[in-house]
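Structure, as structure tokens:
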Amino acid sequence: VTAVPLLGYREHNCDDPEAEQVALLAVDHINNHLQQGYKHILNRIDKVKVWPRRPTGEVYELEIDTLETTCHALDPTPLANCSVRQVTQHAVEGDCDFHVLKQDGQFTVLSAKCDSTPDSAEDILKLCPDCPLLTPLNDTRVAQAAEAALTAFNEKNNGAYLQLVEIARAQLVPLPASTYVEFTVAATDCVAKEVTDPAKCNLLADKQYGFCKATVAEKVAREEVEVTCTIFPAQPVVPQPQPGVAGAAAVEPAPAVDPASPVSPPDGQSPSSLVVGPVL
Amino acid sequence: VVVQPSVGAAPGPVITPCPGKVRYFKI
């Protein structure tokens, strides 16, 4: 009787170059499938197991920790140029489990599962007692601040009327009493200064998104709004082939940006010239 | 550490292959 060796896994050093290569591919996979929230960056590889696969290849079972960056998922800035969200800004961590197939020298993500968690309030306040904490996005003050900021921006904007897409993060600042909010917007077919009924404005067929940061302070009988918006150049998205493996799951189902043809910025402006603000 | 049976294994540092290094900070 020929002894049949058991097909067990082998453990890898988590800082092994190949483990890191697989982890970076996994992080790219996360970011390429995000539609909302912020891009994440690799912080630590927690565990790596490599399983033999019949008839050929190997499957990497990977656990990684990620950190939220300041680049929104719709922001075309390369991840390498994105800053990690600092603890004082109430950092958010991701915990991800991946299965990645290595076959013929090629890596393919088979499955991905991530959970994200903000740092504990206790930890932040120990380090920085005055730092504002993240506020739930369904807080009415947050929604009102985003609406007020976008209205103020549209009133001063010479370009397309912008619609709110998603409130991405918010903090209630104690001193001076104000609401800080970050949100995404999309350009419509209306001119901002001519809009009478926003409900009649439609999103552009080639979706063009933007990202705004605003601080809205409640003053006596008035609001003081400071808002800056950046309109992203439309990005062509090349659909990525995914393996037809039963039970495979992606982090998010759809690409970050609609697979539309590229659109030039209005008036031939460069992307950097589309950064507008602050509007007071 | 693999040694010949007649040779005693010298105590070495315990290698912890995982988890790996923290690149930014741990929360």
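Each chain gets a letter, A, B and so on, in the order its sequence line appears, and its residues count up from 1.
- Rounding to the nearest 0.5 Å places CZ of A:R44 at 4.5 Å from NZ of B:K26.
- Of the two parts of A:I41, only the side chain, counted from C-beta on, holds a non-hydrogen atom closer than 4.5 Å to a non-hydrogen atom of chain B.
- Contacts with chain B (heavy atom to heavy atom, under 4.5 Å) involve these residues of residues 87-95 of chain A, listed by number: A:V87, A:A91, A:V92, A:E93.
- Applying the side-chain hydrogen bond (donor to acceptor under 3.5 Å, both in side chains) rule to A:D123 yields the partners A:S120; only residues at least two apart in sequence or on another chain are considered.
- Atom CG of A:L67 sits about 6.0 Å away from atom CD1 of B:I27, to the nearest 0.5 Å.
- Ranked by non-hydrogen atom pairs under 4.5 Å with chain B, the options A:D15, A:V84, A:N43 are led by A:N43.
- Summarising the geometry, atom OH belonging to B:Y24 is positioned 9.5 Å from atom OG1 belonging to A:T69; distances are rounded to the nearest 0.5 Å.
- For A:E20, the part lying under 4.5 angstrom from a heavy atom of chain B is the side chain only.
- Dense packing is recorded around NZ of A:K49, with more than 12 heavy atoms of other residues, nucleotides or ligands lying under 6.0 Å away.
- Atom SG of B:C18 is separated from atom CG of A:D46 by 8.0 Å, given to the nearest 0.5 angstrom.
- Between A:I45 and B:R23, the closest side-chain pair of non-hydrogen atoms falls below 4.5 Å.
- Residue A:D16 does not touch chain B at all, counting heavy-atom pairs closer than 4.5 Å.
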